[in-house]
A.B. asks: 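Provided herewith is a single structure, encoded as C-alpha cells, for subsequent inquiry.
Each ligand, and each atom within it, is numbered from 1 in the order the structure gives. Side chains included, hydrogens not; waters and symmetry mates left out as well; all remaining heavy atoms used. Positions are given from 1, in the same order as the sequence printed here.
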Amino acid sequence: MADLNNKVAIVTGGSRGIGAAISKELAKNGIKVVINYNSRSELAEKVVAEIKEIGSEAYAVQADVSNIADAEKLIKEAVNHFGGLDILVNNAGITRDKSFKKLSEEDWRTVIDVNLNSVYNTTSFALPHLLESDAGRIINISSIIGQAGGFGQTNYAAAKAGMIGYTKSLALELAKSGVTVNAIAPGFIDTEMVQAIPENIRESIVAKVPQRRFGQPNEIAKGVIYLCKDGDYITGQQLNINGGLYM
Ligand code: NAD
C-alpha cells in the first residue's frame, strides 16, 4: 500500500463536481492538492478553504488545460508550491452535445481540445516529476460515453474513447517505471454536467440504470483514492463506476 502522506496531486477542473470531490478525498488521505480551475475562482477557493478546514493543504491555480502554455504554467506552479508531483488527475471536461448534422467544427474541436488534447498538455509537463516519485499515478476521468457512445455526443465520445486508448498505451510505456496509468469511466453522476440535461431525458436515463439512481461525485473519488492507495499492480485499466449501466 502506498504511503500517501504529504504526496502532491493536481486535479484538473478540481473546483466543482467530480473534481472537487476527488480533491477533498485526496486531502482527507493526507495528500496536498493543487486545485486547477479555468474560470469561477470563487469555487476553487471554496474547495481550498474546505480542505484547509480538515487540516490538509491545498492551492488553487487558474489554467485552461486545453492551452499548452497554461498547462505548463499549472505544472510549474504546482511543483514550485509543493516541491514535487506524485499524482495527476485529468478530470477537466466539457460537453457540447448536438447531433452530428448540427455539430459545428468549433463544437468538435473545442470538445476534443478540452477533454483530450488537455491530457497530452498536462502529462507532457507532469511526467518528468511523476517519474521521480515512488508512487506516481496518472488517473484519467473518461466516461461511459467513450465506451458505449451517446446520441448527440460524437465529439465527447471520441474524446473520452481517445482517453482510454491513451491510458492503455502510456501504461505500457511507463509500466517498468512504477508510474501507473488508469482511466475511470463514470456513468451518470449528479453534477452540473448532468443537471444541465433536460428533466425528461434525465428520468429516462435513471430508468435505464440497473441501480435506478445517478452516482454521487464522492463515489468517483473513492475509485481515485483506491487506485492511489492500493493500485501498485493496477495499470492500463478502466474502472467503471456506473451503477451497472455498462458492463
Ligand atoms: P462539471 O461541469 O461539474 O465540472 C467540470 C470541471 O472541469 C469544472 O471544474 C470546470 O471548471 C473544469 N474545466 C472545464 N474546462 C476546463 C478547461 N479548459 N481548463 C480547466 N478546467 C476546465 O463536470 P463533472 O460532472 O464534475 O465532470 C468532471 C469530469 O467527469 C469531466 O471530464 C466529465 O466529462 C467526466 N464525466 C462526468 C460524468 C457525469 O455524469 N457528471 C460522467 C462521465 C464522465
Side-chain angles (χ1 to χ4, degrees), residues 10-25 33-48 60-75 77-78 88-97 109-122 139-150 153 155-164 166-167 183-197 201-202 205-206 208-209 211 213-221 223-224 238-243 245-246:
I10 294 177
V11 181
T12 69
S15 59
R16 67 167 195 253
I18 292 171
I22 293 170
S23 300
K24 287 186 249 181
E25 188 64 29
V33 190
V34 174
I35 316 284
N36 157 249
Y37 67 98
N38 186 24
S39 54
R40 295 169 71 181
S41 62
E42 73 287 358
L43 292 182
E45 291 305 340
K46 185 168 168 271
V47 179
V48 169
V61 178
Q62 189 284 328
D64 171 356
V65 287
S66 70
N67 176 301
I68 194 152
D70 269 25
E72 181 177 21
K73 179 192 82 165
L74 166 65
I75 308 297
E77 268 199 49
L88 172 65
V89 183
N90 286 309
N91 164 79
I94 57 165
T95 49
R96 287 258 185 110
D97 295 354
R109 290 196 190 281
T110 305
V111 167
I112 299 289
D113 274 344
V114 174
N115 294 16
L116 183 59
N117 292 337
S118 63
V119 172
Y120 168 80
N121 295 343
T122 54
I139 298 169
N140 299 312
I141 307 302
S142 175
S143 170
I144 192 170
I145 302 301
Q147 301 169 312
Q153 295 193 294
N155 49 358
Y156 185 76
K160 293 300 189 182
M163 284 177 102
I164 293 172
Y166 151 91
T167 296
I184 292 184
F188 289 86
I189 310 300
D190 196 9
T191 67
E192 282 189 26
M193 189 176 272
V194 161
Q195 283 150 18
I197 299 172
I201 298 178
R202 282 165 54 90
I205 293 169
V206 170
K208 287 188 198 130
V209 179
Q211 290 193 344
R213 66 173 178 87
F214 289 128
Q216 291 303 313
N218 193 41
E219 293 176 308
I220 306 305
V224 171
Q238 304 161 62
L239 178 55
N240 298 341
I241 305 179
N242 61 26
L245 185 55
Y246 178 85

A.B. asks: With heavy-atom distances below 4.0 Å as the criterion, list the atoms of ligand 1 near M193.
C.D. replies: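 Close to M193: 23 (O), 25 (O), 33 (C), 34 (O), 37 (C).
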A.B. asks: Kindly write out the residues that satisfy salt bridge (Lys or Arg N to Asp or Glu O under 4.0 Å) with R96, not counting sequence neighbours, or none if the list is empty.
C.D. replies: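 E106, D107.
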A.B. asks: Of the protein's non-hydrogen atoms, which lies at the shortest distance from atom 34 (O) of ligand 1, and what is that distance?
C.D. replies: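 Minimum-distance protein heavy atom for atom 34 (O) of ligand 1 reads Y156 OH, 2.5 Å.
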A.B. asks: If I take atom CD1 from residue I18 and atom CD1 from residue I189, how far apart are they, to the nearest 0.5 angstrom?
C.D. replies: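 Rounded to the nearest 0.5 Å, the CD1-CD1 separation comes to 5.5 Å.
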A.B. asks: Please check this pair: side chain of N91 against backbone of T12, looking for a donor-acceptor N/O pair closer than 3.5 Å.
C.D. replies: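 Pair found, side chain donor or acceptor close to backbone of T12.
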A.B. asks: Which residue and non-hydrogen atom of the protein lie closest to atom 12 (C) of ligand 1, and at what distance in Å?
C.D. replies: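 In this structure, atom 12 (C) of ligand 1 has G13 CA, 3.5 Å as its nearest protein heavy atom.
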A.B. asks: Just distances here: any N/O of V65 and N/O of ligand 1 closer than 3.5 Å?
C.D. replies: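 It does: an N or O of V65 is found under 3.5 Å from an N or O of ligand 1.
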A.B. asks: So, does I94 sit close enough to ligand 1 that a heavy atom of it is under 4.0 Å from the ligand?
C.D. replies: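 It does, in that a heavy atom of I94 comes within the 4.0 Å cut-off of ligand 1.
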A.B. asks: Test your reading of the model: is there a side-chain donor-acceptor pair from K160 to the backbone of G149, 3.5 Å cut-off?
C.D. replies: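 Not confirmed, K160 side chain does not pair with G149 backbone.
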A.B. asks: What do we get for S142 next to ligand 1 when only non-hydrogen atoms under 4.0 Å count, side chain, backbone, both or neither?
C.D. replies: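 Backbone only; the side chain of S142 stays clear of ligand 1.
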A.B. asks: Quick check for you: to the nearest 0.5 Å, what is the distance between D113 atom CG and Y120 atom OH?
C.D. replies: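 So the gap between those two atoms works out to 13.5 Å.
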A.B. asks: Among N121, I10, T122, I139, find the residue that satisfies the side-chain contact (heavy atoms from CB on, under 4.5 Å) test when tested with N90.
C.D. replies: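 That would be T122.
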A.B. asks: Would you mind running through ligand 1 and noting each atom that sits below 4.0 Å from a heavy atom of F188?
C.D. replies: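 Answer for ligand 1: 40 (O).
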A.B. asks: Of all the non-hydrogen atoms in the protein, which one sits nearest to atom 22 (C) of ligand 1, and at what distance?
C.D. replies: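 Of the protein heavy atoms, A92 CB, 3.6 Å lies nearest.
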A.B. asks: Distance check, rounded to the nearest 0.5 Å: N242 atom CG versus S143 atom OG?
C.D. replies: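 Output value for this atom pair is 9.5 Å.
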A.B. asks: So, does N36 use its side chain to make a donor-acceptor pair with the main chain of G13 at under 3.5 Å?
C.D. replies: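 Yes; at least one donor-acceptor contact below 3.5 Å.
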A.B. asks: Should you measure from each heavy atom of V194, which atoms of ligand 1 turn up under 4.0 Å away?
C.D. replies: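 Ligand 1 atoms under the 4.0 Å threshold to V194: 39 (C), 40 (O), 41 (N).
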A.B. asks: To check your reading of the model: name the closest protein heavy atom to atom 5 (C) of ligand 1, its residue, and the distance in Å.
C.D. replies: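 Minimum-distance protein heavy atom for atom 5 (C) of ligand 1 reads G93 O, 3.7 Å.
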A.B. asks: Examine N91 against ligand 1 and note whether any of their N/O atoms are separated by less than 3.5 Å.
C.D. replies: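 Yes - when backbone and side-chain N and O of N91 are compared with those of ligand 1, one distance drops under 3.5 Å.
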A.B. asks: Please report the interatomic distance OG(S118) to CE(M163), rounded to the nearest 0.5 Å.
C.D. replies: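 That separation rounds to 6.5 Å.
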A.B. asks: I want to check something: taking the side chain as every heavy atom from C-beta on, are V47 and L43 in contact at a cut-off of under 4.5 Å?
C.D. replies: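 In short, these two side chains do not touch, never coming nearer than 4.5 Å.
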A.B. asks: So which bit of R40 gets within less than 4.0 Å of ligand 1, heavy atoms only: side chain, backbone, both or neither?
C.D. replies: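 Contact part for R40 vs ligand 1: neither.
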A.B. asks: Under a 3.5 Å distance rule, please check whether T95 uses its side chain to pair with a backbone N or O of D97 as donor and acceptor.
C.D. replies: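 Not at all, since once roles are kept as given, no pair shorter than 3.5 Å links the two residues.
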A.B. asks: Take atom NZ of K73 as the centre, draw a 6.0 Å sphere, and report whether it contains more than 12 heavy atoms from other residues, nucleotides or ligands.
C.D. replies: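 Yes, enclosed.
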A.B. asks: Side chain, backbone, both or neither: which part of T191 comes within less than 4.0 Å of ligand 1 when only heavy atoms are counted?
C.D. replies: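 T191 to ligand 1: side-chain contact only, backbone stays beyond 4.0 Å.
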A.B. asks: Does S66, backbone or side chain, put an N or O under 3.5 Å from an N or O of ligand 1?
C.D. replies: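 No, there is no polar N/O contact under 3.5 Å.
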A.B. asks: Note the single closest protein heavy atom to atom 18 (N) of ligand 1, along with its residue, its atom name and the distance in Å.
C.D. replies: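 Protein heavy atom at minimum distance: D64 OD1, 2.8 Å.
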A.B. asks: Would you mind listing which atoms of ligand 1 come within a distance below 4.0 Å of any non-hydrogen atom of A63?
C.D. replies: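 Counting atoms of ligand 1 from 1, those under 4.0 Å from A63 are 19 (N), 20 (C).
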A.B. asks: Looking only at distances, please establish whether an N/O atom of ligand 1 is found under 3.5 Å from an N/O atom of R16.
C.D. replies: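 Yes, there is a polar N/O contact under 3.5 Å.
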A.B. asks: Indicate, as side chain, backbone, both or neither, the part of F214 found under 4.0 angstrom from ligand 1 when only non-hydrogen atoms are considered.
C.D. replies: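 Within the 4.0 Å criterion, F214 makes no contact with ligand 1.
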A.B. asks: Is there any N or O on I144 that sits under 3.5 Å from an N or O of ligand 1?
C.D. replies: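 Not met; the criterion fails.
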A.B. asks: Going by heavy atoms, is G187 under 4.0 Å from ligand 1?
C.D. replies: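 Right, G187 reaches ligand 1.
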A.B. asks: Mark yes or no for whether Q238, through its side chain, and I184, through its backbone, hold a donor-acceptor pair below 3.5 Å.
C.D. replies: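 Judged by distance alone, no pair lies under 3.5 Å.
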A.B. asks: Select the closest option to atom 30 (O) of ligand 1 among V61, I141, I220, V89, judged by heavy-atom distance.
C.D. replies: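 Minimum heavy-atom distance to atom 30 (O) of ligand 1 goes to I141.
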A.B. asks: Do V11 and K24 come within less than 4.5 Å of each other through their side chains, counting heavy atoms only?
C.D. replies: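 No, too far: nothing below the 4.5 Å cut-off.
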A.B. asks: Looking only at distances, please establish whether an N/O atom of ligand 1 is found under 3.5 Å from an N/O atom of I18.
C.D. replies: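 Yes, at least one N or O pair falls under 3.5 Å.
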A.B. asks: Check V114 against ligand 1 and report side chain, backbone, both or neither, counting heavy atoms closer than 4.0 Å.
C.D. replies: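 For V114, the contact with ligand 1 is made by the side chain alone.
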A.B. asks: Which heavy atom in A221 sits nearest to a heavy atom in A21, and how many Å separate them?
C.D. replies: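 Residues A221 and A21, closest heavy atoms: CB-O, 3.5 Å.
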A.B. asks: Determine whether the side chain, the backbone, both or neither of N36 has a heavy atom under 4.0 Å from any heavy atom of ligand 1.
C.D. replies: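 It is the side chain that touches ligand 1; the backbone stays farther off.
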A.B. asks: Which one holds for S39 and ligand 1: side chain close, backbone close, both close, or neither close, with close meaning a heavy atom under 4.0 Å?
C.D. replies: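 Answer for S39: neither.
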A.B. asks: What is the closest protein heavy atom to atom 40 (O) of ligand 1, and at what distance does it sit?
C.D. replies: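 Checked against all protein heavy atoms, atom 40 (O) of ligand 1 sits closest to I189 N, 2.7 Å.
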